[in-house]
Structures are given as C-alpha cells and as structure tokens.
2 protein chains.
Amino acid sequence: MYRIGELAKTCGINTDTLRFYEKHGLLAPSKRTVSGYRVYSADDAARLQFILRAKAVGFSLSEIADLLSIELDKANWACSDVKTMVDDKLLQVKQRIAELERFRRSLQILSDTCCGGPASAEHCSILQALESCDVSRSERLLDKETHTHHHAPVQGDCKC
Amino acid sequence: MYRIGELAKTCGINTDTLRFYEKHGLLAPSKRTVSGYRVYSADDAARLQFILRAKAVGFSLSEIADLLSIELDKANWACSDVKTMVDDKLLQVKQRIAELERFRRSLQILSDTCCGGPASAEHCSILQALESCDVSRSERLLDKETHTHHHAPVQGDCKC
DNA sequence: CTTGACCTTGGATTAAACTCCAAGGTTTAT
DNA sequence: ATAAACCTTGGAGTTTAATCCAAGGTCAAG
Ligand SMILES: [Zn+2]
Ligand SMILES: [Zn+2]
Ligand SMILES: [Zn+2]
Ligand SMILES: [Zn+2]
C-alpha cells in the first residue's frame with residue numbers, strides 16, 4: 001500500500017502525473033483513506049509499471065489506455081489484436097524515422113556545403129539554398145568536384 | 001502581387017497558415033488594399049518560400065524566425081552563425097532519431113515474439129513483457145533456441 | 001498545539017503549429 | 001442587383017503529456 005508520494009517516488013515520476021493518469025482513466029488507486037488520501041495497492045503499482053513500460057516503447061497514453069483495456073479482459077481478445085497494435089505503432093515509428101532521416105540528410109548537406117567561418121553570411125551557401133532552391137542545389141555543389149567556393153574558405157574543410 | 005488566397009494556393013498552404021505566420025512575425029504582406037486586403041509582393045512570396053524550405057528540412061517556426069532575421073541582415077552575421085544553427089538542428093534530429101530507433105527495436109522484438117494468431121491473449125508474450133519485465137525478457141525468449149511457445153502457435157511464424 | 005510534510009480539489013498554463021468559427025465587409029460575375 | 005467567392009478581425013479549439021498554483025485539509029513529531 002502506497003500513498004501517492006511514495007508510489008511516485010519509487011517510480012521516478014511526479015505526483016501530478018499520477019493524478020493526471022487517474023483523470024485520464026489510466027490508473028485509479030483502488031482505495032482511499034477516510035480522509036480522502038489515495039492508497040495504491042501492489043496491483044495498482046503493477047498497472048503503473050505496465051503503463052511506464054508501454055510508454056518506454058513509444059506508445060501514447062491513449063494507446064496505452066487501449067492496451068490496458070485488453071490487459072484487463074484478455075480472455076476476450078486475441079494475440080492478433082495485441083500484435084496489430086504493436087505493428088501499427090511500429091509502422092508509425094518507422095514513418096517518423098523516415099521523415100527525420102530526410103531532415104537529417106538535408107541538414108547534413110547544408111552543413112557540409114558551408115565553411116562555417118567568421119566571414120560575412122552574405123554568400124553563405126546555406127542561406128542561398130534556402131533562398132532560391134531546394135537542397136538538390138547543394139547536392140550538386142557537393143557532387144561536383146569542380147565547384148568553386150562561394151567565398152574564400154576560412155576554415156580548411158570548407159566544401160562550398 | 002498576390003492576394004492571400006492566391007499565394008496560399010500556389011504554395012499549397014492554407015490562408016489561415018499565412019495569417020498565422022503574420023501574427024507570429026514570420027511574414028507580413030508588404031501592402032494592403034484600401035479595403036484592407038493583404039497584398040503580397042514577389043519578395044514576400046520569396047520569403048514564404050524560404051520559410052517553407054526551412055520547414056522542409058526540419059526547422060521549427062521560431063528557429064525559422066531566427067534564420068530570417070539573419071537573412072535580412074546578412075552583412076552582420078557570419079557563416080559560422082548560420083552553420084551553427086544547422087548543426088544544432090542536426091544534433092537534435094539525430095537524437096530524436098536515436099530515441100525512435102530504440103522504440104523501433106523494442107517494438108520489433110515485441111512483435112517478433114507474438115504469434116499474432118486468433119487464440120486468446122491470455123498468454124500473449126507482448127502483454128507478458130509489458131506486465132512484468134522489460135523487453136530483455138522478450139529478447140531472451142528470442143535468443144534462446146530452446147524456447148517453447150507460450151501457447152500453441154496458430155500461425156507458422158510464431159516465435160514465442 | 002504548532003510546525004512541517006504531506007495530501008485534496010479545480011483550474012490555469014505550457015509548447016507547437018495550426019485550424020476553425022462567427023459576424024461582417026468587398027469584389028466579381030451574371 | 002444580387003449571389004458567389006473572397007476577404008477582414010478576434011478569439012476559441014485541437015493535440016499531448018504533463019506541470020504548476022491556490023486554498024485549504026490531515027497527520028506525525030516534539
Ligand atoms: Zn563557405
Ligand atoms: Zn556558410
Ligand atoms: Zn504466440
Ligand atoms: Zn501474442
């Protein structure tokens with residue numbers, strides 16, 4: 001049996017977070033003291049662990065609510081239902097990674113084309129790329145071995 | 001010279017988005033008609049393109065505001081200032097990718113251990129992993145060649 | 001019997017980037 | 001002249017996952 005502060009501390013979260021989870025139907029203490037204090041049982045703590053583990057693999061709170069409703073009524077759900085949720089999430093995560101990888105590639109190209117020196121940004125290749133073309137301009141700049149500097153490189157590894 | 005609807009349409013965004021950008025200091029039309037309609041010049045349109053390109057490589061609107069203030073006053077900024085912003089963003093993006101990769105690996109393991117069949121979720125390895133252990137339990141399940149099914153696999157590729 | 005640590009509630013706020021709405025004014029086409 | 005399409009403003013709502021606050025109640029120690 002834990003009071004809210006104890007449970008929060010042992011799980012490394014905030015008491016407000018526990019109240020927030022309760023308000024959103026994820027975890028309610030199974031008892032209250034006469035004076036109204038929340039009292040969490042070992043089962044409640046286990047449920048919190050379930051929530052925290054699901055969060056740790058990337059599920060949102062509303063997805064966790066769905067997982068919990070399955071967990072509480074396993075007999076009426078199939079493996080396929082659970083696996084579908086995991087696979088849907090996996091797809092979501094993969095898509096987000098793909099988007100971020102596109103960002104990463106573009107940013108890397110922008111970074112690689114700029115000398116990063118102390119000279120004026122008036123001819124900075126990054127700004128130029130954002131002004132007037134897509135990143136493919138920078139890609140061409142990088143690909144060509146015959147490229148010239150957009151301004152005198154101040155650091156040795158300027159690739160513009 | 002474009003009215004708000006025209007500019008929005010040509011750039012594939014919403015008129016509300018343009019008003020939002022204006023309210024947040026990113027892009028104001030250089031003129032208004034006597035009746036108060038926004039009128040965007042070619043320069044305004046170019047500025048919008050700058051914004052959209054910066055968005056496309058992952059910058060947030062407040063970061064774009066910073067980039068725009070450099071863009072408008074290039075002479076007083078150095079290449080290094082611009083490159084630093086790109087490199088900071090790059091680091092951010094890489095860190096987020098790393099987090100999502102951790103999610104992806106965990107979810108993949110969870111998915112791989114579950115048969116995904118129509119049988120009851122009462123012994124589903126995914127729920128078990130979330131109940132009582134971290135993903136390493138599933139990892140052990142997967143690694144061990146001597147593992148047994150948590151229930152009779154219904155689909156051929158059940159790995160539990 | 002008072003101090004300090006803990007607990008209660010409801011509601012406000014945060015960040016990001018829009019999106020939608022109401023109530024009304026303007027332009028354009030028929 | 002009137003309908004359709006467009007524009008204006010201010011403000012509210014959305015999503016996610018909390019975090020913070022105020023005003024007050026409870027409990028254990030000294
Ligand atoms: Zn350079
Ligand atoms: Zn540069
Ligand atoms: Zn199975
Ligand atoms: Zn399963």
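We name chains A, B, ... by the order of the sequence lines, and we start the count at 1 in each one.
In this structure, the CD1 atom of A/Ile4 is 14 Å from the P atom of D/dA18, given to the nearest Å. If you measure from atom OH of A/Tyr2 to atom C1' of C/dC7, you get 19 Å, rounded to the nearest angstrom. Look at CZ on B/Arg96: it is 14 Å from P on C/dA16, rounded to the nearest Å. With rounding to whole Å, A/Tyr37 atom OH is found 6 Å from D/dC27 atom C1'. Across the protein-nucleic acid pair, B/Glu6 atom CD and C/dT26 atom P stand 19 Å apart, rounded to whole Å. One can place CZ of A/Phe59 at 15 Å from P of D/dT16, the figure rounded to the nearest angstrom.
With respect to the salt-bridge test (charged N to carboxylate O, under 4.0 angstrom), the residues B/Glu99 and B/Lys94 do not qualify. Under a 4.0 Å N-O distance rule, the pair A/Asp16/A/Arg19 qualifies as a salt bridge. Using a 4.0 Å cut-off between a side-chain N of Lys or Arg and a carboxylate O of Asp or Glu, A/Lys9 and A/Glu6 do not qualify as a salt bridge. Salt bridge A/Glu22/A/Arg32: present, at least one basic N to carboxylate O contact under 4.0 Å.
Closest to the B/Arg38 side chain, of the nucleotides D/dT9, C/dT9, C/dT26, is D/dT9. The side chain of B/Ser60 approaches C/dA17 more closely than any other nucleotide in the set C/dA17, D/dT26, C/dT9. For B/Leu61, the listed nucleotide lying nearest its side chain is C/dC18; candidates were D/dA18, C/dC18, D/dT8.
Summary of the strand contacts: A/Ser62 and B/Gly36 both lie near DNA chain D, and taking for each the nucleotide with the nearest heavy atom, the more 5' one is attributed to B/Gly36.
With B/Asp73 contributing its side chain and B/Ile70 its backbone, the two residues share no donor-acceptor pair below 3.5 Å. Looking at A/Asp44, its side chain does come within 3.5 Å of a backbone N or O of A/Ser30 through a donor-acceptor pair.
Taking only side-chain nitrogens and oxygens, B/Lys55 comes nearer than 4.0 Å to OP1 or OP2 of C/dC18. Regarding contacts with the backbone of D/dT26, every side-chain N or O of A/Thr33 stays at 4.0 angstrom or more from both OP1 and OP2. Residue B/Arg3 has no polar side-chain atom (N or O) positioned under 4.0 Å from OP1 or OP2 of D/dC6.
The stretch residues 9-24 of chain A touches DNA chain D through A/Asn14, A/Asp16, A/Thr17, A/Phe20, A/Tyr21, each having a heavy atom under 4.0 angstrom from the strand.
Counting heavy atoms of neighbouring residues, nucleotides and ligands inside a 6.0 Å radius, atom OH of A/Tyr2 does not exceed 12 of them.
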